[in-house]
Engineer: 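Sharing a structure below in structure tokens format, with a few things to ask.
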Amino acid sequence: MEDYIAKFLGISSDAQANETQEKTMLLKQGLKTFPKAALWSIVLSTAIIMEGYDTSLLNSFYGLSAFQKKFGVPSKKGGYQIEPKWQTALSMCANVGEILGLFAAGFIVDRVGYRWTLIGSLTMVIGFIFILFFAENLGMLAAGEILLGLPWGAFQTLTVSYASEVCPLVLRFYLTTYVNICWVIGQLIASGVLKSYVGSKSKWAYKVPFALQWIWPVPIMIGIYLAPESPWWLVKKGRVSEARKSIGRLISENELIPDKSVLADAMTAKIQLANEEEAALVAGLSYTDCFKGVNWRRTRVGAMVWLVQHISGGALSGYSTYFYEQAGLDKSNAFTFTIVQYSLGLIGTIGSWFLSQKVGRFKIYFFGLCAQASILILIGILGCLSAKSASWGIGSLLLVFVFVYDLAVGPTCYCLVTEIPSVRLRTKSVIISRNVYNVAGIFNAVVTPYMLNPDAWNWKAKTGFFWAGSAILSAVWCWFELPETKGRTFAELDTLFKNKVKARDFVKTEITTFDAQEMMVRLGEEGLKKVVQDTEGSTTGYDNGREYSPQASP
């Protein structure tokens, strides 16, 4: 037993050393050491472009003449309009499909991993696009949206979870928020495609945009097939040796890491210890475990973070083309504004990368909400005016709103929802959080068309008052419950939540991770032996008495 204890102390020491190196690693060093991890994360996240493209496509179709004439009814104010009930139904269908797809993905990924779940989802997309392309009525469109929602559910959560698990702390914000960039790129492509068909009366004005979705799945599937599996998932499944090989594929040797096998050993040991620590607190891996003990707080915060993204005014940007038209702009200018809007969203997300270097997640998120509320109030005020210039003012303010949203709440959400949950329950917790978002999406799909449609409530830009109120309430919640996670490793966050540290105290609380004495008491003799045996069997170092001693960052 003394031999096991000695080896366990070495494993714990290596895990602590790796924690220290990860916290002090500079961005330049992270890019040198983990370029492959960044590349594979980008490959998987690119699947989100498809979802951003299609969801934006459908909402923009409501303002496209060819689509309105094919599927709409004569409007009281001339031309054609898609009835509010069908706008609601079509937007709800995608959310319903995503809810079902998300829960299914949670079970499937536990069995086959991130890669094969995503490959299967992309295969489904190829088949379901046929339904949209050949749709002859709104019912067929609704069926296609529900079925496409199933694989989209997997894209939403697995890509961001994978990004957080293959990259070091210094790259986490960039690679998780890249998901938001993919979302914006999809929306931008959709807006550009539709802009070219804005004056067309042909059926190809809406068929070609649907058909373009067949371009992406196969190249993305090939990239995902070649990518390594998440080492955190492999450790959870007890496949520690495979986890080490996966880590080896994510690391590149350089002047600071001349032998990547040493770093791979240390990272494997850290993941193994983190998994065992959490297993001692929460033995299960089911959805119900997300609502037990300390994980209930983590699930609640993660769900609210994603919910706020939907209820703080994002619905207006989702219906932007239609919103611009109802605010008084002609169709051509409405689509032009939409393209500019998503371009600003892309710039805003990239801007968040620079902002995150100076400011923590909480400050970006909280003050972003405050700024959004202010802009929405101004939009509502201008909506009360009838002057033509007010329409241009409303359009310009919505552009500013989108820039602020994609500078703050939009991208930061994707980082927070992966940092808040426990490692063992991350995928299921993210799925629950995203489904809370999707339920809010159903609410938005019900009320937003009625708010904007001239044949329904006809609120137009006065809708800004409604979303300003919910943005203010979201900021209040944020102050009391959203902790600061910048600079914290997953092991540190586990300890902070376990010790029930208050949200505003996260940033100043000093903690120690992988305390050998504490872990030995919690694991017991059998648990300690298991950690040593699993780690020895997967690494090259401990059986030779080698310990990890990272070189200092320059």
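Remember, it's a predicted structure, so these values are computed and weren't measured experimentally.
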Engineer: Establish, from distance only, whether the side-chain atoms of Ser352 and Asp406 form a donor-acceptor pair under 3.5 Å.
Structural biologist: no
Engineer: For Phe130 and Trp214, take the angle between the two ring planes, folded into 0 to 90°, and tell me which bin it lands in: parallel under 30, tilted 30 to 60, perpendicular over 60.
Structural biologist: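 Aromatic pair Phe130/Trp214 classed tilted.
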Engineer: Output yes when a side-chain donor or acceptor of Arg424 lies under 3.5 Å from a complementary backbone atom of Glu276, and no otherwise.
Structural biologist: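 Checked: no pair found.
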Engineer: Distance alone, cut at 3.5 Å: any donor-acceptor contact between the side chains of Ser286 and Asp289?
Structural biologist: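 Yes, because at least one side-chain N or O of Ser286 sits under 3.5 Å from a partner of the opposite role on Asp289.
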Engineer: Is there a donor-acceptor pair under 3.5 Å between the side chain of Asn438 and the backbone N or O of Gly441?
Structural biologist: no
Engineer: Determine whether a donor-acceptor pair (N or O, by modelled atom type, separation under 3.5 Å) exists between the side chain of Gln357 and the backbone of Phe354.
Structural biologist: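 No, the answer is negative, given that no donor and acceptor are paired below the 3.5 Å cut-off.
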Engineer: Quick one about Glu22 and Thr489 (side-chain donor to acceptor, distance below 3.5 Å, no hydrogens or angles considered), yes or no?
Structural biologist: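 On atom types as modelled, these side chains do not qualify, holding no pair under 3.5 Å.
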Engineer: Step by step, work out the ring pair (Phe, Tyr, Trp, His ring centres under 6.0 Å) result for Tyr414 and Trp306.
Structural biologist: CA-CA 8 Å; Tyr414 289 100; Trp306 229 329; 5.7 Å; yes
Engineer: Is any side-chain heavy atom of Phe34 closer than 4.5 Å to a side-chain heavy atom of Leu39?
Structural biologist: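 The answer is no; the side chains never approach within 4.5 Å.
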Engineer: Has the side chain of Tyr405 got a donor or acceptor atom that lies under 3.5 Å from a matching backbone atom of Gly348?
Structural biologist: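 Judged by distance alone, no pair lies under 3.5 Å.
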Engineer: Looking at Trp296, is Arg298 sitting on its ring face, NZ or CZ under 6.0 Å from the six-membered ring centre and within 45 degrees of the normal?
Structural biologist: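 The answer is no; the distance or angle limit is not met.
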Engineer: Counting N and O atoms only, with roles assigned by atom type, does the side chain of Glu419 sit under 3.5 Å from a partner on the main chain of Phe490, one being a donor and the other an acceptor?
Structural biologist: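 Side chain of Glu419 to backbone of Phe490, a donor-acceptor pair under 3.5 Å: no, none is there.
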Engineer: Consider only side-chain N and O atoms of Trp467 and Ser312, and report whether a donor and an acceptor are under 3.5 Å apart.
Structural biologist: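 Short answer, no.
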Engineer: Is there a donor-acceptor contact under 3.5 Å from the side chain of Glu481 to the main chain of Cys478?
Structural biologist: no
Engineer: My understanding is that only residues two or more places apart in sequence, or in another chain, count here; which of them pass side chain to side chain contact (heavy atoms under 4.5 Å, CB included) with Lys428?
Structural biologist: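 By the side chain to side chain contact (heavy atoms under 4.5 Å, CB included) rule, Lys428 matches Asp110, Tyr287, Cys290.
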Engineer: Looking at Lys237, I want to see if its NZ is surrounded by more than 12 non-hydrogen atoms of other residues, nucleotides or ligands under 6.0 Å.
Structural biologist: yes
Engineer: I'd like to know if the side chain of Ser45 reaches the main chain of Tyr178, judged simply by a donor and an acceptor atom lying under 3.5 Å from each other, with no hydrogens or angles considered.
Structural biologist: no
Engineer: Taking the side chain as C-beta and beyond, is there a heavy-atom pair between Arg239 and Trp233 under 4.5 Å?
Structural biologist: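 They are in contact (side-chain heavy atoms under 4.5 Å apart), so the answer is yes.
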Engineer: So, the side chain of Glu492 versus the backbone of Thr513: is there a donor-acceptor pair under 3.5 Å, distance only?
Structural biologist: no
Engineer: Thr427 and Tyr114: side-chain donor and acceptor closer than 3.5 Å?
Structural biologist: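 Yes, because at least one side-chain N or O of Thr427 sits under 3.5 Å from a partner of the opposite role on Tyr114.
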Engineer: Decide whether a cation-pi geometry holds between Arg434 and Trp183; the criteria are a distance under 6.0 Å from NZ or CZ to the six-membered ring centre and an angle within 45° of the ring axis.
Structural biologist: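 Yes.
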Engineer: So, for Phe366 and Trp479, is the gap between ring centers shorter than 6.0 Å?
Structural biologist: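 Yes, close enough.
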Engineer: Would Arg115 pass as a cation-pi partner of Tyr162, given that its NZ or CZ must be under 6.0 Å from the six-membered ring centre and within 45 degrees of the axis?
Structural biologist: no
Engineer: Only one of Lys270, Lys260, Arg244 forms a side-chain hydrogen bond (donor to acceptor under 3.5 Å, both in side chains) with Asp265, so which one is it?
Structural biologist: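 Only one of Lys270, Lys260, Arg244 forms a side-chain hydrogen bond (donor to acceptor under 3.5 Å, both in side chains) with Asp265, namely Arg244.
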Engineer: Do Arg426 side-chain atoms and Thr418 backbone N/O form a donor-acceptor pair below 3.5 Å?
Structural biologist: yes
Engineer: How far apart are the C-alpha atoms of Val170 and Leu26, what are their side-chain angles, what is the distance that settles it, and do they pass the side chain to side chain contact (heavy atoms under 4.5 Å, CB included) test?
Structural biologist: CA-CA 7 Å; Val170 70; Leu26 302 176; 5.9 Å; no
Engineer: Return yes if some donor-acceptor pair links the side-chain N/O of Asp259 with the main-chain N/O of Ser261 below 3.5 Å, else return no.
Structural biologist: yes
Engineer: How many angstroms lie between OG1 in Thr117 and CG in Leu122, if you round to the nearest 0.5 Å?
Structural biologist: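 So the OG1 of Thr117 and the CG of Leu122 are separated by 11.0 Å.
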